Structure formats: structure tokens, C-alpha cells
Amino acid sequence: MPKLNPQQQAAVKITEQPLLVLAGAGSGKTRVITEKIAYLVNKGLAARHIAALTFTNKAAREMKSRVEKLLDGQQSRGLRVSTFHSLGLDILRREHKILDYKSAITLFDESDKKTLLKNLINQGIAHCDIDEVDRYATQIGAWKNGFITPEQALTDSEKLDYDAALLYQHYNRNLKAYNAVDFDDLILLPVLLFKHAPETLEKWQNKIRYLLVDEYQDTNITQYELVRLLAGNLGRFTVVGDDDQSIYAWRGAQPENLSQLQTDYPRLKVIKLEQNYRSMGRILKVANQLIANNPHTFEKRLWSELGYGDVLKVLTHKDEQTEAQQIVSELIHHKFHQGGRYHDYAILYRGNYQSRLFEHCLRENNIPYFISGSTSFFSYTEVKDVMGYLRLLVNQEDDAAFLRVVNTPRREIGPTTLEKLGAYANERQISLFNACSELGLSQKLPEKAVIRLKKFCDWTMKTAELIERENNFETIDTMLTEIGYEQWLKENSKTPEAAKRQQKNVTDLVGWLKKMGTSEDAAEADKSLSEVVSKVMLLDILERQEEDEVEEQVSLMTLHAAKGLEFPHVFLIGMEENLLPHQNSIENDNIEEERRLAYVGITRAQRSCTFSYCTHRKRYGEVFETKPSRFLDELPAEDLEWTAKNPVDPKKVKERGKSSLAHLKTMLS
DNA sequence: TTATCCAAGATTTTT
DNA sequence: TCTTGGATAA
């Protein structure tokens with residue numbers, strides 16, 4: 001392992017003042033964080049007093065394993081490397097009493113959120129249009145990410161959003177009644193808690209004495225607030241970020257948080273990492289020139305010692321079909337000439353749907369490939385069903401879970417029954433589950449329906465007790481057999497294969513749950529079912545599964561998913577106006593973020609980066625004419641080779657080889 | 001209450 | 001093009 005360069009070393013050693021590390025793409029920021037943790041531990045700060053925060057589970061896992069290589073097992077004991085969200089969950093779990101939550105907190109995912117909002121709208125809360133739930137869901141999320149409570153939203157917002165704010169208020173009250181929180185609450189509630197209970201904050205500040213934050217440019221206002229609170233006045237923290245790689249503004253990320261630090265912490269030290277250890281010079285030159293079109297608060301220029309490299313190709317195709325075919329054949333040729341491996345290649349795109357054709361094409365050519373994060377494990381209905389059951393068993397107030405499973409498999413409890421039950425529960429301000437055993441219900445519903453509901457509730461109670469008593473995850477199997485879930489899958493899937501696959505997902509899920517339940521992490525003791533259930537909701541599982549599959553496979557993923565990764569050879573496809581930059585971003589005048597997205601894509605490449613665009617593309621099933629992306633025009637023409645515009649001339653190829661060699665020499669001297 | 005069919009509508013990124 | 005949701009029929 002090469003030595004740290006002077007800037008990196010400085011970043012590791014500054015521990016007595018708040019530190020901002022501006023780390024360009026490929027400049028070894030993860031290394032700085034991991035080395036710094038090791039440095040702190042070696043200096044005598046116990047690992048259990050250090051916390052490193054990331055945005056993805058993957059990043060957390062990677063970081064953790066790298067730290068563990070630097071320290072021996074004893075030393076890294078108690079070290080906290082986790083996502084913001086799991087830290088939040090942890091805080092909530094331990095401090096639930098202060099927030100007046102019961103211990104088994106349920107985590108609502110995006111679809112639970114929407115279902116609840118729909119219900120509220122249907123109940124006539126505020127004058128909201130049911131067709132706009134998506135908008136309301138986003139708005140409420142934005143408020144939570146922006147550290148705005150319903151009360152503030154109600155007073156601040158214009159008439160236009162007044163109803164949304166009202167909805168927000170009711171939504172929160174309902175969540176509370178269900179003893180549930182949503183993703184955004186995992187950050188927001190701890191912050192509110194810390195603001196209102198200084199002694200609790202102090203306890204946590206004492207627990208976490210040094211804080212490191214990865215991808216700091218992705219923090220939103222609430223997350224920054226959390227960082228500030230935890231870091232306290234001493235400002236014992238290091239944040240690492242790159243404003244040029246901020247691509248999550250749509251999710252509330254505030255790259256301004258980078259410069260905000262300077263105001264909030266006058267003693268802040270700033271270090272720039274500009275040496276890139278990933279890409280060849282020409283790739284960096286192209287990337288630098290592209291991103292120079294964006295305004296900057298911190299100027300930064302990446303350079304590398306890895307040689308200059310070949311021109312970047314730009315391929316033109318007549319439609320997306322040919323794009324896929326030609327890219328795949330280009331990839332095959334390239335691999336043949338270079339003698340590389342499939343996992344050296346990545347195909348990056350703007351939207352997930354673009355992967356389809358490529359998948360097809362790769363399969364036809366018998367090329368192994370791997371798609372990262374297209375359909376999340378948790379969007380599979382069978383997984384949601386099983387999770388729904390578990391959630392209900394852990395927390396009977398969880399209406400979302402109740403609605404999900406009450407009639408799956410069929411129990412002859414249809415929408416009419418549920419609607420009446422819902423109205424009744426709402427009137428009495430109790431959960432659906434509790435409403436089932438109320439005597440007054442028989443006045444609203446026919447005898448038969450009440451009996452069916454009662455039967456379901458009795459079964460739930462019985463099973464919940466069983467699980468609590470035995471504290472044994474094997475009970476999950478018993479439960480699944482009892483409800484005949486396997487049978488139901490068989491009857492309800494289109495093909496026997498689909499049923500088999502679904503069954504496998506269920507067994508996998510249950511298997512993981514069991515494993516997590518029995519102290520998979522040596523540091524932690526056995527977990528209760530409720531802990532496991534909410535932990536699992538944070539998507540830990542899916543990503544773990546992905547991990548085993550990256551060998552000898554071409555990677556396909558969105559530009560967003562590619563952040564933090566690197567590949568020797570990158571194909572950046574669909575470089576078209578309205579696609580990258582995406583139409584919505586053009587309309588909302590947010591080209592800069594799209595440019596950063598392109599920048600992220602280019603800077604993934606180590607040795608070669610190939611662009612492609614189509615002249616025609618099918619959208620909504622109709623063929624449209626398309627134009628090459630404006631970003632291609634922003635790149636230095638001398639470093640690009642447009643294969644269609646100027647067919648390759650063998651003479652030129654030679655010249656180019658010479659000139660790049662010359663360039664290399666000047667760079668090295 | 002459930003199943004099926006047809007039409008309309010949506011396509012960005014996700015912890 | 002594909003998915004989702006609504007309406008209608010059994």
C-alpha cells in the first residue's frame with residue numbers, strides 16, 4: 001500500500017479542530033477516513049467513541065472491513081460505522097421513552113407512507129387530490145429533510161400548500177398512533193429529541209467523541225443538524241465531501257452544507273485532495289473541463305500520474321436497439337484485444353429502464369452481467385407480505401401492515417369490510433386491529449364479517465404471544481405454514497417458475513432474519529424480532545445479496561448507483577438531450593446537477609470511457625428524434641473521437657498515439 | 001367479493 | 001411499451 005500523500009496525511013492528523021476534506025473523485029477519501037479512524041484509535045481514543053457515517057449500507061460495510069484490516073479485533077471493538085439512518089434508528093430505539101414511543105417501533109417504507117396518505121385524503125383531511133399523493137409524499141419528505149415541523153409548515157406555507165401542511169400534520173399524528181416512523185423521521189426525530197432533551201444529547205456526545213462523515217455534500221439540513229448537535233461545540237469531526245459529486249439535491253441534499261461549515265465553525269480547517277489515483281490524465285482533463293461549466297465555491301483541479309491515455313470515443317446509433325447491440329459488440333472486441341475481464345466493464349445510464357435492452361443483448365451474447373439495484377428486494381410482493389406479517393406480529397397498531405396482510409392469503413375480508421372498519425377505527429381513534437375486537441363494530445358490519453376479522457385477530461394475538469414467549473425465529477416457519485403462504489404463492493403466480501422463485505425469496509428472507517436474530521454481529525447480542533424487522537427494513541439484506549455476485553460480470557447501473565465505484569472501462573450511454581440532461585431537469589433549470597451526474601460517470605473510468613447517443617429513441621412507445629447531449633459539446637474536441645461524424649482514419653490513429661506520448665512526457669517532466 | 005379486462009397514464013435518480 | 005387502476009361482470 002503506497003504511503004499517504006502530504007494532504008492525506010494532514011487530513012488524518014488534524015484531530016483537534018473541525019476539518020473539512022474536499023476530496024475529488026478517486027482521491028482516496030475512503031482511505032483517509034479509514035486511516036484516520038486507525039490513527040485516532042492508536043492515539044488512545046477508544047473505538048467505541050468513534051462514529052463514521054455514510055449514506056449507503058454498502059459504503060458502511062466497505063469502510064468497516066477496511067478499518068478492521070488496519071486494526072486488530074480488540075481495537076476496533078465497538079466502532080460505529082453505519083448509515084445516517086441506522087444511527088437514527090439506534091438512537092430512537094434507545095431513547096423511545098423520551099419521545100413517548102413504545103419500544104417496538106415500526107418503520108414505514110415509501111409505499112406504506114403513500115398508503116397512509118391516500119387513506120387520510122380519502123377521509124377528507126384537507127382538500128387534497130388523491131391523484132397527487134406522490135406530490136404530497138415528496139413535499140412531506142422535503143419538509144422533514146428541511147427540518148420543518150408540521151406547525152412551521154402550517155404557518156409558513158402559502159395558501160397553495162396549506163392543505164399539504166395539514167396533511168403532513170395528520171400524517172405525523174397517525175404515524176405516532178401506529179408507533180411508526182418513516183425514513184425521514186429516522187433523522188428528524190433524533191434531532192428534535194436532542195434539541196429538547198439536552199441531557200440526552202450530552203449522553204450521546206459523550207458516547208460519540210469523534211465523528212466522521214462520508215459524502216458530506218449529500219447531507220440535507222436535518223442531517224447537518226444532527227452532525228452539528230453530535231459534534232457539539234468542540235467540533236471534533238471530520239467531514240469528507242466533493243461538491244462536484246452532489247447528485248442528490250432532489251432528495252433534499254444541500255451541497256451548501258459544505259460552505260455553511262465555514263460560517264458555523266470559524267476554526268474549520270479545509271484540506272483539498274486533488275491527486276487522483278484512479279483515472280488516466282485525459283479522462284481527468286475531460287472531466288475537469290466539463291465540470292468547469294458549473295459555478296464553484298471551492299476551486300479544485302484533479303490530476304494524476306497514471307499516464308495520459310487514449311481519446312474518448314463517441315458512438316452514434318440510429319436507435320436504442322442498435323445502441324445496445326453496438327455497445328455490446330464494442331465491448332466484446334475491446335475485451336478481446338485487451339485481454340481483460342468482464343468485471344472490468346461497466347455500462348452506466350441515466351434511468352433504470354435503459355438497462356432492459358442491454359440486458360437482452362448481453363444475454364444473447366452469453367455475457368455474464370449484473371444489474372445493480374434495479375428492483376429492490378423489498379419491492380417483491382412476497383417479501384412485503386412476509387414482512388407485513390412480521391410487522392403486525394411485532395406491533396399490532398401498524399395499520400399499514402394490517403391492511404397488507406389481512407386478506408393475503410384470502411380470508412374473505414374485502415375492500416367494503418375494510419372501508420367500514422377503517423371508518424369505525426377512525427371515528428374511535430384506534431388502530432384497525434383494535435377496532436376488530438370492539439363491540440360497537442357489529443353495528444356497522446354484518447355478523448359474518450366481524451367473525452372473520454375476529455378470527456384473524458385472534459390468530460395474530462396467539463402467534464405474537466408465541467413468538468414473544470419462545471423468542472425463537474423458527475416460529476416464523478410455523479406461522480407461514482399456518483397461513484398456507486406457500487400454497488397461496490403457487491395458486492397466484494402466473495408460472496410455476498415464478499412461484500418457485502418467490503418461494504425462494506421467502507426462504508431467503510426468513511433465513512436472513514434468523515441469522516440476524518442470532519447475533520450475526522459478534523459485537524451485538526441477540527436481537528429481538530422487532531429489532532430485526534426494522535433493521536431489515538433499512539435494506540441491509542438486498543445489498544448483502546448483491547455482494548456475492550460481482551465476479552466476472554459486466555456491471556450495469558445508473559449513474560447514481562455508480563458513485564463511489566470505479567471501473568477500468570466505462571460506457572456512458574444515452575448521452576442525449578432530454579435524457580442526460582434529463583428533461584425534467586432542463587424544465588426545472590437544474591442543469592448543474594445533471595452535469596455533475598455526467599461528471600460522476602466520467603470519473604468512474606480508470607482507463608477508457610466511451611460515450612454513446614442515438615439519433616432516434618422510442619419514448620412512450622413512439623419514436624422521437626434526439627439530439628446529442630450538450631455535455632458532449634462542452635468536452636474538449638481534441639480528446640474526443642466521434643466515430644460517426646469522422647470515421648476513423650488509420651493515419652490519424654497513429655498521429656494520435658504519438659501526440660499522446662508527447663503529452664505524457666510533458667506531463668511527467 | 002373476486003376476477004378479469006380494458007384503458008389510460010407514466011417513465012429519474014433512493015436511504 | 002408496460003404497468004397500474006378502475007369498472008364491470010360473475
Side-chain angles (χ1 to χ4, degrees), chain A residues 53-60 82-89 107-111 113-114 118 130-131 133-134 137-138 141 144-145 181-188 214-215 218-220 222-223 246-253 320-321 348-357 372-379 381 407-419 446 448-449 452 491-492 534-540 542-543 557-563 574 578-588 590 593-594 596-598 600-601 617-624:
Chain A
L53 296 180
T54 64
F55 280 86
T56 64
N57 292 306
K58 198 167 158 195
S82 72
T83 61
F84 269 92
H85 295 265
S86 17
L87 173 68
L89 181 64
L107 187 49
F108 266 34
D109 68 14
E110 226 40 41
S111 70
K113 181 179 179 179
K114 280 177 197 160
K118 272 186 207 159
I130 192 85
D131 292 329
V133 263
D134 283 353
T138 317
K144 290 191 175 187
N145 289 328
V181 300
D182 65 18
F183 279 131
D184 304 316
D185 284 333
L186 289 177
I187 318 290
L188 180 63
D214 189 22
E215 305 282 15
D218 290 340
T219 51
N220 58 43
T222 312
Q223 282 160 336
S246 159
I247 53 176
Y248 285 103
W250 52 274
R251 226 170 78 193
E320 68 278 357
Q321 283 278 345
L348 308 181
Y349 36 79
R350 179 69 232 258
N352 268 315
Y353 66 97
Q354 288 174 272
S355 69
R356 284 242 168 107
L357 290 168
S372 175
S374 44
T375 21
S376 130
F377 190 71
F378 283 92
S379 59
T381 52
N407 204 29
T408 318
R410 299 271 111 83
R411 290 191 184 88
E412 294 177 297
I413 302 171
T416 352
T417 307
L418 289 175
E419 199 183 314
K448 271 188 184 168
R452 289 186 199 122
E491 286 161 13
N492 282 278
S534 50
K535 196 99 195 164
V536 159
M537 293 284 289
L538 284 177
L539 296 180
D540 230 27
L542 156 83
E543 294 167 13
M557 66 186 83
T558 63
L559 288 162
H560 284 88
K563 191 164 76 157
N578 296 321
L579 192 51
L580 183 69
H582 193 273
Q583 188 167 9
N584 294 352
S585 298
I586 297 177
E587 283 161 14
N588 300 322
N590 191 15
E593 176 139 325
E594 297 289 310
R596 289 192 289 264
L597 211 41
V600 166
R617 187 177 287 272
K618 219 188 257 178
R619 278 179 101 195
Y620 316 122
E622 218 183 322
V623 178
F624 285 87

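Just so we're clear, the structure is a prediction, and the values are computed from it rather than from any experiment. Excluded from the calculations below are hydrogen atoms, water molecules and symmetry mates; all remaining heavy atoms, backbone and side chain alike, are included.
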Nearest heavy atoms of E594(A) and L580(A), plus distance in Å: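 Closest approach of E594(A) to L580(A): OE1-CD1, 3.8 Å.
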Side chain to side chain contact (heavy atoms under 4.5 Å, CB included) partners for A249(A), two or more places apart: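 By the side chain to side chain contact (heavy atoms under 4.5 Å, CB included) rule, A249(A) matches E593(A).
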Atom-to-atom span, [atom1] of [X] to [atom2] of [N] - whole angstrom:
X       : N       : atom1 : atom2 : value
D134(A) : dT3(C)  : CG    : P     : 18 Å
K114(A) : dG5(C)  : NZ    : P     : 10 Å
E215(A) : dT15(B) : CD    : C1'   : 13 Å
I413(A) : dT2(B)  : CD1   : C1'   : 14 Å
Q321(A) : dT1(C)  : CD    : P     : 11 Å
E593(A) : dT14(B) : CD    : P     : 12 Å
N352(A) : dA10(B) : CG    : C1'   : 15 Å
H582(A) : dA10(B) : NE2   : C1'   : 11 Å

From C-beta outward on K118(A), which listed nucleotide comes closest to its side chain: dG5(C), dT13(B), dT15(B)?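 In terms of side-chain proximity for K118(A), the closest of dG5(C), dT13(B), dT15(B) is dG5(C).
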Taking only the side-chain heavy atoms of R410(A) (C-beta and beyond), determine which of dT14(B), dT15(B), dA3(B) contains the nearest atom.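 It is dA3(B).
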Validation row: H582(A), E587(A) side chains within 4.5 angstrom (heavy atoms):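 No, their side chains stay 4.5 Å or more apart.
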Whichever of N407(A) and Q223(A) has its nearest DNA chain B nucleotide further upstream toward 5':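 The residue closer to the strand's 5' end, by nearest nucleotide, is N407(A).
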T417(A) vs N588(A), nearer the 5' end of DNA chain B by closest nucleotide: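 Nearer the 5' end of the strand: T417(A).
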Answer yes or no for this row: W250(A) ring on dT13(B) base, centroids under 5.5 Å, planes under 30°.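 W250(A) ring centre within cut-off of dT13(B) base, planes near parallel; stacks.
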With a non-hydrogen cut-off below 4.0 angstrom, is [X] in contact with a base, only sugar-phosphate, or nothing?
X       : answer
R619(A) : nothing
R356(A) : sugar-phosphate
E110(A) : base
S86(A)  : nothing

Checking side chain to side chain contact (heavy atoms under 4.5 Å, CB included) against L107(A), which of L186(A), D185(A), D182(A) comes through?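 Only one option passes, and that is L186(A).
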Salt bridge between E412(A) and K448(A), side-chain N to carboxylate O under 4.0 Å?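 Answer for the salt bridge query: no.
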Under 4.0 angstrom between N57(A) side-chain N/O and dT15(B) OP1 or OP2: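 For dT15(B), OP1/OP2 do not have a side-chain N/O of N57(A) under 4.0 Å.
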Quick check on dT14(B): is either OP1 or OP2 less than 4.0 Å from any side-chain nitrogen or oxygen of T558(A)?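 Yes, T558(A) has a side-chain N/O under 4.0 Å of OP1/OP2 on dT14(B).
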